[in-house]
Amino acid sequence: MSTHIHPHFSRSARDAHDVIVVGGGHAGIEAALAAVRTGARTALVSLRLDRIGEMSCNPAIGGLGKGQIVREIDALGGAMGEISDATGIQFRVLNTGKGYAVRGPRCQSDRHLYRDAITERLRRVAGLELVEGAGAGLVCETDAIGTARVVGLRLADGRELRAGAVVITTGTFLRAVMHTGESQSAGGRAGEGTSTGISADLARLGLTLGRLKTGTPPRLAAASIDWNALEEQRGDERPVPFSSRTDRRRFPVLPQVACHITWTNERTHALIRENLHRSPMVAGRIQGVGPRYCPSVEDKVVRFADKTRHQVFLEPESLSTDVVYVNGVSTSLPSDVQEEFVHTIAGLERAEFLRHGYAVEYDFVAPSQLSDTLAVRAVAGLYLAGQINGTSGYEEAAGQGLIAGANAALWVQGRPAFVLRRDQAYIGVMIDDLVVSNPTEPYRMFTSRAEHRLSLRADNAEERLVPLGAEIGLVDRAAIERLEARAAQKARARAVLGTLRSAAHGGKTLAEVLLRPEIEIVDLERAHPELAALALDPDVRESLAIDLKYAGYVTRQEVNVERMRRQESIEIPSDIDFSTLSGIATEAKDKLARLRPRTLGAASRIAGVRPPDVALLAVHIERRRREAARS
């Protein structure tokens with residue numbers, strides 16, 4: 001837990017709400033729900049109430065690094081995992097050929113059912129009001145000492161909503177421009193508008209804004225695709241749900257479908273190269289920075305010129321429509337070029353376009369201006385979550401939304417903030433990366449970003465986070481009871497595994513046998529009725545096996561965690577002048593002055609700040625402390 005929050009402002013009697021959430025995407029949904037669960041009267045404002053929870057890009061949830069975030073959201077009482085389970089049409093665990101720590105659950109969702117289900121969930125929540133309208137600006141006040149505070153939202157139709165805190169989760173809609181070839185139009189998503197007033201108000205409040213770019217591929221008609229020419233990719237034979245609240249006996253809920261794989265080729269690449277001059281990025285019409293890890297197909301052709309082909313996934317968007325998402329060919333080239341190069345791809349020679357690909361350029365706020373609660377440090381009552389913080393992905397947005405919404409509610413109530421550390425959650429890793437490293441391109445979660453990933457697995461999210469969520473009311477009694485039942489199952493199984501011995505393995509205890517990577521509990525259950533009689537839940541069985549296999553590694557990792565915690569406990573004085581500190585490298589001084597890390601641990605994670613710089617900074621901090629004690 002953290003108490004590093006703004007001075008508390010009491011809620012005015014004029015306020016109709018405690019918290020206003022601006023934006024009905026995945027960040028806004030989890031922010032609104034978390035605020036309500038934490039005891040706040042909340043309003044969720046969206047441009048269109050019929051587009052809440054819309055999957056603007058690929059209708060898929062989870063994946064590498066991202067699946068862990070979904071499980072964490074679920075463990076903290078969020079909705080994303082449960083709704084994904086109810087509307088998923090293909091479930092797969094990715095990276096099963098590698099260790100458990102880097103495996104990621106993923107599902108292909110029915111985009112329409114997901115949107116409808118999450119909207120219905122929101123409509124049923126007591127204490128949550130859904131408001132349709134376009135945000136035109138922020139309502140601000142200044143206290144007696146000049147501190148700015150956000151106290152509400154102005155809508156384009158003249159309405160004004162008042163609240164104790166405002167959470168902005170506007171995604172790609174701030175001063176958004178869509179690009180397809182030479183054509184441009186205002187909007188953050190096909191068929192929708194943009195917001196300009198909020199960007200202007202953020203700038204007036206002194207925040208540094210920048211421009212980012214994202215893109216989306218064409219959508220094709222399923223009936224026009226030659227499926228026989230493609231490689232089929234089916235889901236897992238025994239799919240695993242995201243949510244601990246999902247009834248495994250009735251899972252999966254919907255019929256499961258296959259995705260398909262094809263490839264670009266040299267002819268595809270030649271057509272793209274011939275038309276690069278018509279790309280809005282190459283022509284200089286797009287100034288925003290795009291993601292390196294999820295490049296457009298034209299970026300791939302240029303950056304990976306030695307590759308003769310790139311993989312393309314054909315993923316159905318719904319059980320009720322003919323729309324296929326062409327994952328792997330995100331593009332903003334002109335429509336005629338898109339059609340020409342797509343028709344060179346095997347199986348897509350006669351593909352019918354339902355929508356062409358396009359790029360979206362939009363404003364974001366440099367996240368180094370935020371605290372670890374996702375509160376804007378310089379403006380009381382203002383929280384940011386999702387793509388406005390320079391991230392990409394539904395999961396990253398939802399994780400931020402949950403933290404921002406909970407903290408906005410806690411702040412209004414005068415309660416301590418809720419902060420997740422890097423060793424506690426992928427969500428903690430992400431937020432720390434954002435506020436410390438200040439990414440200059442769209443941020444996406446990867447397992448490689450989490451130095452404690454052996455402990456931050458998808459299978460143990462409940463054990464890590466349910467107790468923390470329970471402390472502030474994010475989770476209900478049912479979640480605590482599920483965790484207690486899980487812990488009891490594990491304890492009984494551990495006792496049996498520690499006493500039973502296996503003649504087939506030299507008389508070793510079953511716990512010792514499980515250390516062998518090729519041995520699974522299910523194999524031992526067949527040979528040992530005592531173990532089988534425990535009737536372990538499949539999820540508990542797998543998690544216990546992973547606990548045992550990783551125990552030695554996790555113990556060593558905990559030593560590093562403790563060392564990091566000591567660094568995190570050393571706060572850097574807010575008024576320190578880094579430029580005057582002797583011995584510290586000039587680059588490190590510049591980075592420290594610009595990003596203003598709160599703790600020594602945060603300083604150590606800034607690119608360009610070396611371990612010797614951190615050691616010297618610690619010396620300077622200790623010297624100041626002693627001088628202050630003597631005075």
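Every value quoted in this text rests on a predicted model; they were computed, and no experiment measured them.
- Arg596 meets the side-chain contact (heavy atoms from CB on, under 4.5 Å) test with Arg377, Ile576, Phe578; sequence neighbours excluded.
- With respect to Glu463 and Arg457, no salt bridge is recorded, no charged nitrogen being found less than 4.0 Å from a carboxylate O.
- Between the CD atom in Glu315 and the CG atom in Asn327 there is a gap of 4.5 Å [rounded to 0.5 Å].
- Summarising the geometry, atom OG belonging to Ser502 is positioned 4.5 Å from atom NE2 belonging to His528; distances are rounded to the nearest 0.5 Å.
- Ion pairing between a basic and an acidic side chain is recognised when a charged N comes within 4.0 Å of a carboxylate O; Arg422 and Asp433 show such pairing.
- Salt bridge absent: Arg71 and Asp74 never bring a charged side-chain N and a carboxylate O closer than 4.0 Å.
- None of Asp432, Leu402, Ile403 except one satisfies the side chain to side chain contact (heavy atoms under 4.5 Å, CB included) rule with Ile427; the exception is Ile403.
- Taken to the nearest 0.5 Å, the CG atom of Leu122 stands 6.0 Å off from the CG atom of Leu130.
- The shortest side-chain heavy-atom distance between Leu94 and Arg92 falls under the 4.5 Å cut-off.
- Counting heavy atoms from C-beta on, the side chains of Leu595 and Val436 never come closer than 4.5 Å.
- Partner of Thr391 under the side chain to side chain donor-acceptor pair (under 3.5 Å) criterion, chosen from Glu396, Gln400, Arg444: Gln400.
- One finds no salt bridge joining Glu120 and Arg123 here, because no Lys/Arg side-chain nitrogen approaches an Asp/Glu carboxylate oxygen to under 4.0 Å.
- With sequence neighbours left out, Ala60 forms a side-chain contact (heavy atoms from CB on, under 4.5 Å) with Asn58, Arg106, Gln108.
- At least one side-chain heavy atom of Ile606 sits less than 4.5 Å from a side-chain heavy atom of Pro597.
- With hydrogens and angles left out, the side-chain atoms of Ser543 and Arg486 include a donor and acceptor closer than 3.5 Å.
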Atom pairs and distances, side-chain donor-acceptor, residues 251-260, under 3.5 Å, sequence neighbours left out:
residue : atom : partner : partner atom : Å
Gln256  : OE1  : Gln90   : N            : 3.4
Gln256  : NE2  : Gly88   : O            : 3.2
Gln256  : NE2  : Leu254  : O            : 2.9

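- The local environment of NZ in Lys549 is crowded, with over 12 non-hydrogen atoms from other residues, nucleotides or ligands closer than 6.0 Å.
- Ion pairing between a basic and an acidic side chain is recognised when a charged N comes within 4.0 Å of a carboxylate O; Arg111 and Glu54 show such pairing.
- Here Ser318 contributes atom OG and Ile89 contributes atom CD1; the two are 6.5 Å apart, rounded to the nearest 0.5 Å.
- Counting non-hydrogen atoms of other residues, nucleotides and ligands closer than 6.0 Å to CZ of Arg124 gives a total above 12.
- Between Met80 and Tyr114 there is a side-chain heavy-atom pair separated by less than 4.5 Å.
- Rounding to the nearest 0.5 Å gives a distance of 3.0 Å between SG of Cys57 and OH of Tyr325.
- Residues Thr246 and Asp85 bring a donor and an acceptor atom of their side chains to less than 3.5 Å of each other.
- Environment of CD in Glu237: sparse, with no more than 12 heavy atoms of neighbouring residues, nucleotides or ligands closer than 6.0 Å.
- Seen from the ring of Tyr100, Arg103 counts as a face-on cation partner, given the 6.0 Å and 45° thresholds.
- The side-chain heavy atoms of Leu548 and Arg494, taken from C-beta on, include a pair separated by under 4.5 Å.
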